[in-house]
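Below is one structure, written out as structure tokens; comments come after it.
Order of appearance sets the numbers: ligands from 1, and atoms from 1 within every ligand.
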Amino acid sequence: MLQRLLDVTADVQAVMVEPIPAGLRVQVAAGADWDALVREAVDRGLAGIECLSGIPGTVGATPVQNVGAYGQEIAETLVSIACLDRASLERRPFRADECGFAYRQSRFKREDRDRYIILEVTLRLRKQARPLLRYAELAEEVRRTAPIDALAPAAALGAVRNAVLALRRRKSMVLTVGDPNARSVGSFFLNPILGPGALEALRRRLGTMDGPVPTFPADGAGGVGGVVSPPPPVVPKTSYSSSEYPWVASARHRLEPKTRT
Ligand SMILES: Cc1cc2nc3c(=O)[nH]c(=O)nc-3n(C[C@H](O)[C@H](O)[C@H](O)COP(=O)(O)OP(=O)(O)OC[C@H]3O[C@@H](n4cnc5c(N)ncnc54)[C@H](O)[C@@H]3O)c2cc1C
């Protein structure tokens, strides 16, 4: 039986929770602020979305591009969503396996673009679960800043959230008053998914230019094989900063254009 969680913050209204083995099923209204939900989950020791800290936007938008960061994506914890079909005006539920999730993809961005309005998102969050550190840059930051292996699971989640936010701040990827690099116009780059052969070929071509090519396994919900190789070493800093454009490359993050003024 679902019960309303009464003490949620004003940012995360309309949350329903249902205890399940090893965790909670959490049903959240689409209009809730995503990062406020992540913060609430981490504060309550619930694992599954901690690496998605600091991503701007609403809960309802997260399934559209299968929001992901630092080795985690929403498809991993998503149980189902409830939509309004704009054609029939009927309510239409989708299980996670019906959403067509892949790397930054879903049916709502492809074949059903603009057909459904997502009303609610239901996630399965785990209690007493240790965070997964799949992304080398994050694992390094967490180990540098907290005795992660000695921490209880709930405290370890907090350490991961802090590390993600610190990394994002360093790249000006969270809104920070007074930081001109945080005037983001959004990022339109996707990491290429490479098979082992293509990755080796890329490594050979780049040599040691800009350090080793960072990679992590692409074994997310899309069931994609191979590895994801973030493209920073391949994208020249100035490639899209011509003076004829109203944007410039961020000084902190090569893949994040910002407004000129
Ligand atoms: C600085 C910065 C950092 C970012 N970092 C990341 C990141 O690390 N990982 C990542 O995946 N994304 C990232 N993003 C992209 C962005 O935060 C996400 O795509 C987020 O989900 C957008 O939320 P929104 O509510 O603003 O949606 P919008 O941008 O308003 O909408 C995005 C799309 O979803 C559709 N949509 C939104 N809500 C609904 C709904 N309820 N029902 C149906 N369709 C809907 C819209 O029609 C649109 O097509 C970043 C963006 C910025 C600016």
Nearest non-hydrogen contact to atom 36 (N) of ligand 1 from the set Val67, Val64, Val174 belongs to Val64
Once you restrict to heavy atoms under 4.0 Å, what part of Arg115 touches ligand 1? Side chain, backbone, both or neither. neither
Under 6.0 Å from the six-membered ring centre of Phe94 and within 45° of its axis: does the NZ or CZ of Arg92 meet both? yes
Report yes if the side chains of Ile55 and Arg168 come closer than 4.5 Å at any heavy-atom pair, otherwise no. yes
Would you please say whether a donor-acceptor pair under 3.5 Å links the side chains of Gln72 and Glu50? yes
Counting from 1, what ligand 1 atoms have a heavy atom of Arg168 closer than 4.0 Å? 3 (C), 5 (N), 6 (C), 7 (C), 8 (O)
Got a donor-acceptor contact below 3.5 angstrom from the Arg161 side chain to the Ser53 backbone? no
Is there a polar contact between ligand 1 and Asn66, counting only N or O atoms under 3.5 Å apart? no
Just which atoms of ligand 1 are under 4.0 Å from any heavy atom in Arg104? 11 (O)
N/O separation below 3.5 Å, Ala30 to ligand 1: no
Using a strict cut-off of 4.0 Å, indicate which atoms of ligand 1 neighbour a heavy atom of Thr58. 23 (O), 24 (P), 25 (O)
With a 4.0 Å heavy-atom cut-off (strictly under), which part of Arg113 contacts ligand 1: side chain, backbone, both or neither? neither
Glu137 and Arg170 ion-paired at < 4.0 Å: no
Does Leu46 reach the side chain of Leu24, with side-chain heavy atoms less than 4.5 Å apart? yes
In this structure, does ligand 1 have an atom that sits under 4.0 Å from one of the heavy atoms of Tyr116? yes
Identify, by atom number and element, the atoms of ligand 1 in contact range of Ile55, meaning under 4.0 Å from any of its heavy atoms. 6 (C), 7 (C), 8 (O), 9 (N), 13 (C), 17 (O)
Say you draw a straight line from CD of Glu76 to CD1 of Ile49; how long is it, rounded to the nearest 0.5 Å? 11.5 Å
Is the shortest N/O to N/O distance between Thr62 and ligand 1 below 3.5 Å? no
ILVMFWY cluster, Val64 and Phe101 together (side-chain gap under 4.5 Å): yes
Check: of Pro56, Ala69, Gly57, min heavy-atom distance to atom 16 (C) of ligand 1 comes from Pro56
